[in-house]
Amino acid sequence: MNALELIESFSDFKELKNVDRETMMSILEDVFRSMLKKRYGTDDHIDIIINPDKGDLEIWVNREIVYDGEVEDPNLEIALSNAVKIEPDFEVGEEVAEELKLDDFGRRNVLSLRQNLISRIMELEKDHIYKLYKERIGDIITGEVYQVWKREILVLDDEDNELILPKTEQIPSDYFKKGESIRAVVAKVDLRNNNPVIILSRTAPEFLERLFELEVPEVFDGLIKKIVRVPGERAKVAVESYDDRIDPVGACVGMKGARIHGIVRELKNENIDVINYTNNEKLFIQRALSPAKVTSIELHEDEGRADVSLKPDQVSLAIGKGGFNIRLAGKLTGYELDVYREGAEDIDDVDLSEFSDEIEGWVI
């Protein structure tokens, strides 16, 4: 393998990777210099010329001409009698430049050189992927399901980079087959054994927020204040508009629910409550407990909790199927909500099984 073939082979390699030709040439020079240092002890007297346009490489060794019998280091010096064989006009004190061919290094060194090049380029590729996805944490990506395992799904992006969607980051009703398109957000990027591992999520609140951004242009103006969700079951989204001309709830829902229906389908029919945000904490708690109608609210700000009183027929709506409604309302408002039924003790002391099959109520 000559220098041209070596460079062209890596030119082909970089076509499949995120390594530009100039960077590959720089790596090539570094690897050659490393090998030449081992051979000569120094590379100060060596010139490496790389032409990325033509794809060729030349290595020239420069040696000083000394009188015969005065050569102390044959790697750095050459006797006058040998120098004049190359060029009759050479004189003592001048430098002789001789080209080194790749074949001069021997097959074993060339193979070692190639392996070092592959290793360096792969490291550069890993670093590129790590930095690329580190900057995309929280962004939504679309990929193709490549392999489905029991605990995770292997996804390929547009550049065939491998991404992981763990079972714990999937919506419970998610079911994907090989070759299907999938959307998720980049949750985190780790380094394991010096390899970048990109973890995706479909359960993170950011995934729902990115879906809103795709469907609702007004979201980019700061429409969404907070999102809480139980993946696949229910989500609550607090919205606020800084433009009096924009109805935040209406903007998110769309005409006849056109905007939000696409999001609901993507989330496997996850119920989404869109709520107007307000600084009035009592009113916010009241809205968060929708569709239940609250009779009264007593705040205990120092304890971070609120006592909520409801009529008996509203209790099941406030709690919701599986307790999701009250749990999410608490997360959304930041208060621990204690529900009381008018004329009864704290609902925590009441058997909640009677509410388990109740209809959750109004959902946008």
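A cation-pi arrangement is found for K268 relative to F176, the charged atom lying closer than 6.0 Å to the ring centre and inside a 45° cone about the ring normal.
For CD of E162, the number of neighbouring non-hydrogen atoms (other residues, nucleotides, ligands) closer than 6.0 Å is 12 at most. Within 6.0 Å of the CD atom in E87, the count of heavy atoms belonging to other residues, nucleotides or ligands exceeds 12. For K131, the NZ atom is loosely surrounded, since the number of other residues' heavy atoms within 6.0 Å does not exceed 12. Surrounding CG of D313 are more than 12 heavy atoms belonging to other residues, nucleotides or ligands, all under 6.0 Å away. No more than 12 heavy atoms of other residues, nucleotides or ligands shown are found within 6.0 angstrom of NZ on K188.
Between R33 and E29 a salt bridge is recorded (basic side-chain N to carboxylate O distance below 4.0 Å). Electrostatic pairing of D273 and R234 counts as a salt bridge here, judged by a charged N lying under 4.0 Å from a carboxylate O. Under a 4.0 Å N-O distance rule, the pair R120/E123 does not qualify as a salt bridge.
Side-chain atoms of L165 and I182, non-hydrogen and from C-beta on, do get closer than 4.5 Å to each other.
For the atom pair CG (L76) and CD (E95), the distance works out to 10.0 Å, reported to the nearest 0.5 Å. Rounding to the nearest 0.5 Å gives a distance of 12.5 Å between CD of E94 and CG of N62. A distance of 10.5 Å separates OG1 in T333 from CG in L328, rounded to the nearest 0.5 Å. Considering CZ of F207 and CZ of R183, their distance stands at 6.5 Å, rounded to 0.5 Å. From L154, atom CG reaches atom CG of L163 across 8.0 Å, with rounding to the nearest 0.5 Å. Separation of atoms NZ (K225) and OG1 (T278) is listed at 10.5 Å; rounding is to 0.5 Å.
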